[in-house]
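Beneath this line is the structure, given in C-alpha cells, with notes to follow.
All heavy atoms count here, side chains included; hydrogens, waters and symmetry mates do not. In what follows, chains are A, B, ... by sequence order, proteins preceding strands, each numbered from 1.
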Amino acid sequence: MSRHGYTYSAGKLLRHGLTRGAWPRMWGRPERRDSYEVVIIGGGLHGLATAYYLAENHGITNVAVVDKGYLGGGGSGRNTAIVRSNYLTPEGVAFYDRSLHLYNTMAADLNLNVMLSRRGHLTLAHTDSALRTMNWRAEVNKFLDIDSSVIGPEEVKRLTPSLDVSTDTRYPILGALYHPPGGIVRHDAVVWGYARAADHLGVHLLQETEVLDIVCAGGDGPEGKGPGGRVTGVRTSRGDISSPVVVNCTAGWASLISNMAGVPLAITTHPLQAAVTEPCKVFLPTVVVSGSLHVYVSQTDRGELVFGASVDPVGTYRVNGTLEFTEELAGHVLELMPGISKMRLMRQWSGLCDMTPDYSPIMGHTPVEGYLVDVGWGTYGFKAGPVAGETMAETIATGRTAELIAAFTIDRFTDGDLVGEKGAAAVGH
Amino acid sequence: MIVVPCPNCGPRNSSDLRNAGEVVPRPDPQTASLHEWRSYLYLRENPAGWVTETWYCRSGCRRYFTIERNTATNEIRDPGNS
Amino acid sequence: MSIHRLPIRSGELIDRSTNLSFTWNGRTFSGHEGDTIASALAAAGVEVFSRGMKYHRRRGILTANHWDPNLAVQVGDEPNVRAGSRRLVDGMEVTAQNVWPSLRWDLGTANRLVGRFLSAGFYYKTFMRPQFLWHNLYQRVLRKFAPGGRVHWKTGVHGEYDKRYAHPDVLVAGGGPAGMAAALSAAEAGASVMLVEQEPELGGHLRWGGPGDLAVLADLSRAVHSNPGIEVLCDSIVTGRYDHNWVAVVQRSHPVAPERLIKARVGSLIVAPGLVERPYVFAGNDLPGVMLAGAVRRLVNLWAVKPGSRAVVLSANSEGDAAVADLESAGVEVVAVLDARAGEDVVGARGRGRVSSVQTGDGRTLRADLLVTATGWTAPTSLLNMAGDRPLYDRTAARYFPQSLPDNVLATGGIAGDGSTTELTAHGRETGSLAAQRALRLRHARRTQTPRSLPPESDPPDEIADNRIPLRRSPHPERYRSTTHGLVDFSEDVSSKDLIQAAGEGFDSIELMKRYTTVTMGPGQGKLETVNAAAVLAESRAVEMADIGTTVWRPPFSPVSLGALAGRIFEPVRRSALQGWHEANGATNLLAGQWVRPDHYGSPMTEASNVRENVGIIDVTPLGKLDLRGPDVANLLDLVYVNRWQKLEVGRVRYGAMVAEDGVVSDDGVTGRLADNHYLMTTTSSGAGAVWEMLEDWLQTYRPDWEVHVTPVTGGLTSINVAGPRSRELLGRLVEDLDLSADAFPYFSVRKGIVSGVEDCIIWRIGFTGELSYEVHVPSGHALHVWESLLANGSDLGVAPFGVEAQRVLRLEKGHYIVGQDTDGLSKAPTAGLGGLVKLDKADTIGLPELRAAFERTDLPVLVGLQPDEPTVVPDEACQIVAAEGNEILGRVTSSRMSPTLKRSICLAQVDPSLAPAGTSVTIQLVDGRRVSATVQEHHAHVDPEGVRQRV
C-alpha cells in the first residue's frame with residue numbers, strides 16, 4: 001500500500017497475471033454524508049483535481065465531489081488531450097507551465113500511467129500575420145523559459161513529413177511555432193488517477209447525484225441568493241447536503257449552476273466537436289495545429305488520427321454534432337496532408353465549452369461568500385486541470401486567491417481588465 | 001445543419017446565415033453606469049432552453065432578424081416577425 | 001482453384017461467366033463478378049484473413065458482411081477495406097493488415113505468451129517510472145503495434161470526390177423488404193423518395209432466403225426500380241442523421257467520383273436497417289471456422305461457397321435453423337444441432353489455426369471444422385440515437401427497441417419488430433404512407449413560410465394519426481455468454497474476463513467500461529459487441545440488462561473517407577482585376593486573408609525609394625469600400641467612428657477610427673463625401689466584410705429610422721494609389737477637366753472625374769505613404785486600361801509599380817499604425833494615440849462609456865515610434881521590450897523595418913506608459929536573446945513628421 005492505496009507496478013501485473021487474482025476497486029461508491037466541509041460540483045478533471053489537492057496539500061478530506069453522471073463524462077473525456085504551455089500572455093504562460101509541470105510527474109505522483117507523450121506541438125502559420133503572432137508567442141515564451149520557437153517550412157517537414165509544405169497551396173505553410181514539450185496525454189487516465197487518489201485520501205465521490213439548487217442565505221436576490229450572501233449547502237437528487245463551501249467546477253452547465261447561487265457569468269456555451277479515424281499504421285509523430293484552418297490533429301498510440309476544431313459558431317447545449325463540422329474538418333486536414341484522403345472517419349462527438357469574452361477562465365471567490373467558481377474553461381480546460389485543482393484548493397484552504405489565478409477573477413469583467421489570450425487561444429489547442 | 005426561417009427568404013440552411021447571439025438590450029450610453037454597460041457587454045443569460053437571438057441572412061437578403069430557439073433541442077419557434 | 005465453390009445456387013450473386021484476377025498477399029487468385037473479396041478467397045480455400053489486434057491470433061470469416069471485424073484488408077493504397085462487402089474488381093491487390101512479417105508467420109503472436117499479464121488497462125498500471133522510458137521506449141514499441149492498414153501519405157492524392165444536395169420528401173435507409181415496401185407506398189402517396197441500400201443490390205435478408213423470399217424480392221425490386229418517384233441508391237450508406245433531418249448519404253459505385261457525399265434535407269426519414277447478428281461469447285469464439293448463422297447463409301446462398309465440411313450449429317432462432325438447412329443443401333455434414341432454446345450450449349471451440357473440435361454444454365466433444373452460432377440480434381439503432389432516441393431493452397425478445405422518435409423519423413422492419421415477410425412489408429407500407437403524409441405537410445408548410453415562393457398548389461394533406469399495427473416482438477432466449485470466457489470485441493481483442501475485471505475495479509457504468517477496456521471503440525463501433533458488453537456488465541453487477549443502458553452510438557453509422565467528406569475543396573482566393581497583370585510582370589505573390597496580391601516585383605526597397613523620389617503605383621483593391629447613400633449617412637458615421645462627421649463638406653475626405661462596444665480599436669479608414677447624400681467609406685482589407693455587416697446591424701436593429709443604403713463596392717472598384725512627388729504630374733496627363741493643383745484639389749479632398757478616358761472614377765488625395773498621392777478608384781472593368789496608361793504615360797517620370805512590402809516600409813516611415821498589427825485584441829483608443837481624434841461629447845458613439853473610461857486611465861500601453869540605437873539592428877516584429885534589469889516584459893515591437901529613406905532601422909512599439917515619453921531609452925530583447933537599446937521618438941512618424949511632403 002502507498003499513500004494512494006494499492007500500488008500499481010510491473011511486479012503487480014506479473015503477480016495478478018500468475019495468480020489470476022482480482023484487482024481492487026480504484027474508487028468506491030460511498031454513502032452520502034449530510035454535511036461536508038467542501039462540496040465540489042462536477043466530477044470531471046477540475047473537480048477531482050481540486051478535491052485531491054485539498055486533501056493532499058491541505059489535509060482537508062471532508063470533501064464531496066458530486067456529479068450528475070459518471071466520473072469524467074463531460075469535457076474531461078471529450079477533449080483531444082493536448083497539453084502545452086506556449087500561451088501568449090505572461091499570466092497564461094506561468095499558469096499553464098505549472099500545469100505542464102504537474103503533468104510531467106503525474107504518473108509517478110498518482111501511481112497511474114497517464115501516458116504523457118511530449119511529442120512536440122506545431123502551430124502552423126499560413127499568413128504573415130499568423131507568423132507575427134507566432135513570433136510574439138515565441139518571444140514571450142522564451143522570456144519565461146518555455147521551450148518554444150518559430151521554425152521554417154523545411155524544419156516543419158523534417159518533424160512531420162506528411163505535411164504538404166509546397167508553396168502553391170491555398171494555405172501555404174510559412175512556418176510554425178514549435179513547442180517540443182507539448183504533447184498529448186491519456187485524458188481518461190488523468191481523471192481516474194485523481195479520482196483514485198482522492199478517494200483513497202477520504203474524499204467522497206458521489207456519482208449520479210445531480211445538484212438541483214445551491215442554498216444561500218443573506219444575499220440581495222430571491223431566496224437569499226446573490227451578492228452579499230453566503231452559501232449553506234446544496235440540494236441534490238439524492239438529498240440535501242450542508243456545506244459552508246460550494247465550488248462550481250462544471251463545464252457546459254456553469255451558467256446554470258452559477259444562477260443557482262445568484263451569480264451570473266460572462267459565458268456563452270458552445271459545442272466543440274472532435275472526431276477520430278479508423279486506426280492506421282502510425283505516421284504522424286507530432287501534434288499539429290492550424291489556427292487559420294481551424295483544425296488540430298494528432299495520432300494516438302492505437303493509430304487513430306484524432307481531430308479537433310474551434311467551437312461551433314452557434315451557441316447550443318446540443319452535443320449530437322454536425323455534418324458540416326466533419327466536412328470542413330476533412331477539407332482542411334486534406335489541405336495539410338493531401339495523401340490521407342482514403343482514411344476513414346470513424347466517430348465524431350462533441351463536448352460543451354463555456355466561452356468567456358477573453359478566452360480565459362473565471363476562477364476563485366465570487367460575491368457570494370463560500371461560493372467559488374472554476375469555470376469558463378472554453379477549449380483549454382483539460383491542459384489546465386492539474387494547476388486549476390492546485391490553485392483552487394489553495395484558494396479554498398487559505399481563503400486567499402492563489403497568485404497564479406489572480407488575473408482570472410470574476411471581477412475583471414466589471415473592472416474592464418480582460419486577459420489578452422484572445423489572439424492566441426482562438427484555435428489554440 | 002439546422003434550418004433557420006428568414007422572414008424574407010423562407011427556411012434556409014443555417015450556413016447561409018450568421019448567428020449574432022442572444023438579444024441584449026443596449027443601455028443608454030449617456031446614462032449607463034460602467035457596471036451596467038459591462039453587464040450588457042459581457043453577461044449573458046445563456047439558458048438551456050428558449051432564447052431570443054439575432055440572425056443575419058448573410059447569403060440572402062442581408063437582413064437581421066430575431067427568432068426564438070431552444071438551445072437544448074435546436075427547435076425553432078415561428079418567429080412571428082416580418 | 002475455387003475448391004469450395006458450390007454448384008449454381010438459385011439466388012447467387014456471382015456471374016460465373018466472368019473471371020476476375022486479383023492478388024492476395026502477392027499470390028494470384030480469381031473470382032467472379034458479384035464476389036466479395038472475402039467470398040472469392042473463401043471459395044479458393046483461404047481461411048485466415050487477419051490477426052487479432054493484441055494477441056495476433058488467426059482470424060477467419062465471422063459475419064461475411066460489412067460488419068465483419070476479421071475482414072479488414074488493404075487494397076492497394078486503401079487501408080481497412082471491408083472484404084466482407086467490398087465487391088471484387090479485376091486487378092485488385094489485396095494484402096493482410098497488421099501482420100509482420102506475414103499473415104502466416106506473424107511475430108506478434110509472441111504477445112500471446114504474455115497474454116495473461118495483458119489484462120484490461122494493464123498499460124495504466126505500469127511504466128510509471130522512470131518517466132523517460134515511457135516516451136522513449138515503451139510508447140514507441142506500443143505505436144509499432146498499432147492496428148489497421150497503411151495510409152500512403154507520401155504518394156496519395158486527394159481525388160475527384162464529389163458532393164450533391166438532395167431534397168427528398170422521404171428517405172428510406174435500408175433496402176430490405178420493409179424498406180422497399182415503405183419506399184413504394186410513400187411514392188404512391190405522392191412523395192419524392194430516395195431509397196438507400198448499403199449493399200450493391202436491394203433485398204436485405206431476402207437475398208439469402210428460400211424461393212418464396214426470392215420471389216417477393218424480385219417483385220418488390222422490380223416495382224421499386226420502375227417507380228419514377230423513387231431514386232434508388234445501392235452500395236450507399238446513410239451515415240448520419242443530424243438536427244432538422246439533415247441526412248448524410250455516402251454513395252459508392254458512382255460513375256465518376258470514387259465516393260460522393262449526398263446531403264439531403266429530408267421530410268421524413270424511415271430507418272429500416274434490419275438487424276445485425278450477434279456473436280456468442282465462449283472460449284475459442286475467435287477461431288477461424290466459428291461463424292454466425294448469417295455468415296454461412298450468405299456464403300452458401302449468395303456466393304456459392306462451402307464454408308466447411310463438418311458443422312456444429314448452436315441455434316436459438318429460425319436463422320440458425322435455416323442455416324442448418326442451407327448447410328445440408330451445400331453438402332456440409334451437420335454433426336450436431338444444439339438447440340439453445342432448449343438450454344443446449346457450446347462451451348468451447350478448439351483447434352490449431354481452425355476449429356477442429358467443439359465442446360458442448362453437456363460435456364461432449366464433437367469433431368468439426370465449422371461451428372455456427374445463432375444466438376440473437378442487435379438492433380443497429382445509430383440513426384435513431386442520432387434522432388434523440390434511447391432504445392429500451394426488451395427481455396422477452398432479448399434485444400433493444402425504439403422508445404420514442406420525433407415525428408420526422410420512423411422505424412420499420414426488423415429494428416421495429418418481428419414478422420413474416422408479409423407482415424414486414426405491410427408494416428413498411430403503412431410506415432411509408434405515414435412518412436409521406438407528414439413530409440408532404442412539411443413541404444406545404446415550408447412553401448407557405450417562404451414569402452416569395454409560388455403558393456402551394458393545393459391544401460396540405462390531412463394529418464393522420466399513427467395507426468400502424470406494431471410489429472410483434474417474438475420471444476428469444478437471452479443468450480450472450482456461455483459458461484466460459486471468450487472475446488466480446490473482436491477488433492479490440494477484449495474478452496468477457498476483461499470486462500468483468502474492469503467492473504470490479506470501479507468501471508461499472510457502460511461508458512466508463514468502454515473507456516477503460518476500449519470495448520466497442522474499434523472500426524465497427526460496437527455493431528457486433530455493444531449488447532454483449534452490456535450483458536457481461538449486467539452479469540457482473542447482477543442487475544437486469546435494462547438497468548445498464550447502452551452506449552450512445554454517434555455518427556457516422558459506418559466510417560466515411562476523409563475524401564468523401566471533403567469533396568472537391570472549394571476555397572477560392574480573391575483576385576483584383578489587375579492580378580493577371582501583376583503575375584505577368586514578375587510579381588511575387590502574398591496571400592493576405594481572402595486576397596492574393598503582389599508582395600513585390602523584385603526589390604521592395606527600390607520600389608519604396610522610387611515612391612519617395614519619383615512616383616509609384618500600387619494596386620490597393622482589397623481595401624474595403626462601401627458606398628453609403630441617404631440623408632442619415634453623417635449620423636451613421638458619427639455613431640460608428642470615434643470622431644465627428646456632421647461637418648464634412650462635399651468634396652472632402654476624413655480619416656476615421658472605429659472601436660467596438662468594449663472600446664477596443666476595431667477598424668479604420670478614410671471616408672469621403674461625394675455628394676450631399678453620397679459617401680464612399682474605406683475599411684481595412686481584412687475588416688471589409690465585418691464592417692459592412694456591422695453597419696447593417698446598427699442600421700437595422702438600432703436605428704431603423706435612419707435612411708442609409710449600404711452597398712459594398714470593394715471588388716467593383718479597383719483602387720490604384722499613385723504616390724510620390726511626381727504623382728501630380730503623372731495623373732495630370734490622364735485626367736480630363738480636373739485641376740489637380742494644390743489649391744483646387746487640396747490634401748484630404750475627393751473629386752470625381754475621367755481618368756484615361758474612363759468615366760466615374762473617384763480620386764482622393766490622401767497620404768498613407770507620406771508622399772503626395774492620389775488614390776484612384778476605377779470601375780473594375782476598365783482598371784487594367786487605367787493601370788497600363790499610368791505606366792505608359794509616366795516612363796519619363798520614373799513610374800514603377802510597388803507592392804505590399806514597399807507600402808509597409810513607407811507607411812512605417814510615416815508612422816501610420818495598422819489595426820491588428822500595431823494594435824491587438826485589448827488595444828483601446830488611447831493606446832493607438834487617438835486622443836486627438838476621439839470626441840467624447842457626442843450624443844452616441846459605439847463604445848462611448850468605454851472610451852470615456854479608457855481616457856481616464858493612466859496604465860494603458862502606448863504606441864510609440866522607436867529607433868534602435870544601433871541603426872543596423874532591425875529587431876524582428878514581436879520582439880519583447882523588457883526591463884533593463886530583471887525579468888519584466890514592458891512592451892513589444894509591433895512593426896519593424898530598415899528604412900531606405902533614413903538608412904536605419906525604425907519601429908513602432910507598444911510600451912508601458914512609463915516608457916512612453918520621447919527620449920526614453922528602452923531595452924529590446926532580440927530573437928537570439930541579445931539585448932539592444934532603443935530610443936522612444938517624439939512622433940510615430942520617422943520621416944517627415946510635419947507632413948510637408950504629402951501636402952504639397
Query raised in the report: What distance separates A/T7 OG1 from C/K125 NZ, expressed to the nearest 0.5 Å?
Result: 13.0 Å
Query raised in the report: Once you round to the nearest 0.5 Å, how far does CG of C/L562 lie from CG of A/L305?
Result: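 Rounded to the nearest 0.5 Å, the CG-CG separation comes to 7.5 Å.
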May I ask you to name which of [options] has the most heavy-atom pairs under 4.5 Å with chain C?
| options | result |
| --- | --- |
| A/L71, A/V150, A/N135 | A/N135 |
| A/P161, A/A22, A/G73 | A/P161 |
| A/S129, A/S149, A/G77 | A/G77 |
| A/G72, A/G11, A/P24 | A/P24 |
| A/S162, A/P172, A/A195, A/A275 | A/S162 |
| A/R318, A/H332, A/R302 | A/R302 |

Taking every non-hydrogen pair under 4.5 Å, which of [options] racks up the most with chain A?
| options | result |
| --- | --- |
| C/M386, C/E850, C/K263 | C/K263 |
| C/D824, C/N887, C/L590 | C/N887 |
| C/V882, C/T155, C/T894 | C/V882 |
| C/V247, C/I500, C/D508, C/T239 | C/D508 |
| C/G148, C/G563, C/A146 | C/A146 |
| C/G506, C/P555, C/G149, C/S558 | C/P555 |

Could you tell me which portion of [X] (side chain, backbone, both or neither) has an atom closer than 4.5 angstrom to a non-hydrogen atom of chain C?
| X | answer |
| --- | --- |
| A/H126 | neither |
| A/Y70 | side chain |
| A/Q299 | both |
| A/T300 | backbone |
| A/D417 | side chain |
| A/S117 | both |
| A/T169 | backbone |
| A/L284 | backbone |
| A/F325 | neither |
| A/N320 | both |
| A/V140 | both |
| A/M115 | both |
| A/A10 | both |

With a 3.5 Å distance limit and no angle check, can you tell me whether [X] reaches the backbone of [Y] through a side-chain donor-acceptor pair?
| X | Y | answer |
| --- | --- | --- |
| C/D599 | C/V804 | no |
| A/N113 | C/Y123 | yes |
| A/D358 | A/V419 | yes |
| C/D662 | C/V664 | yes |
| A/R347 | A/A274 | no |
| A/R118 | A/P181 | yes |
| A/E304 | A/C280 | no |

Requested in this report: Determine the minimum heavy-atom distance between C/K163 and C/A564, stating which atoms define it.
Outcome: CE-O, 3.9 Å
Query raised in the report: For atom CZ of C/R150, is the number of surrounding heavy atoms from other residues, nucleotides or ligands below 6.0 Å larger than 12?
Result: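 12 or below, so no.
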Query raised in the report: What do you reckon, is CZ of A/R15 surrounded by more than 12 foreign heavy atoms closer than 6.0 Å?
Result: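 No, not enclosed.
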Identify which part of [X] has an atom lying under 4.5 Å from any heavy atom of chain A, answering side chain, backbone, both or neither.
| X | result |
| --- | --- |
| C/E492 | side chain |
| C/N589 | neither |
| C/F507 | side chain |
| C/A503 | backbone |
| C/M53 | side chain |
| C/R808 | side chain |
| C/R515 | both |
| C/I569 | side chain |
| C/T518 | side chain |
| C/P258 | neither |
| C/F557 | neither |
| C/R568 | neither |

Quiz item: cation-pi between [X] and [Y], 6.0 Å / 45°:
| X | Y | result |
| --- | --- | --- |
| C/R241 | C/W246 | no |
| A/R196 | A/Y8 | yes |
| A/K342 | C/W153 | no |

Query raised in the report: Run the side chain to side chain donor-acceptor pair (under 3.5 Å) check on C/Q97 and C/N80 step by step: do they pass?
Result: CA-CA 8 Å; C/Q97 298 186 159; C/N80 305 331; 2.9 Å; yes
Requested in this report: Starting from the C-alpha separation in whole Å, work towards a yes-or-no answer on salt bridge (charged side-chain N to carboxylate O under 4.0 Å, His left out) for C/E505 and A/R25.
Outcome: CA-CA 4 Å; C/E505 288 187 86; A/R25 286 184 73 92; over 6 Å; no
Report task. Given salt bridge (charged side-chain N to carboxylate O under 4.0 Å, His left out), test A/R132 with C/D876 step by step and report yes or no. Result -> CA-CA 9 Å; A/R132 199 177 301 115; C/D876 283 290; over 6 Å; no
Requested in this report: Quick one: list whatever passes side chain to side chain contact (heavy atoms under 4.5 Å, CB included) with A/R170, sequence neighbours left out.
Outcome: A/E335, C/E571, C/V573, C/L591
Report summary line: Across all chains, not counting sequence neighbours, the side chain to side chain contact (heavy atoms under 4.5 Å, CB included) partners of A/V185 are A/V83, A/Y103, A/V114, A/L116, A/V190, A/F382
Query raised in the report: According to the interplanar angle, ranging from 0 to 90°, do the rings of C/Y516 and C/Y124 count as parallel (below 30°), tilted (30 to 60°) or perpendicular (above 60°)?
Result: parallel
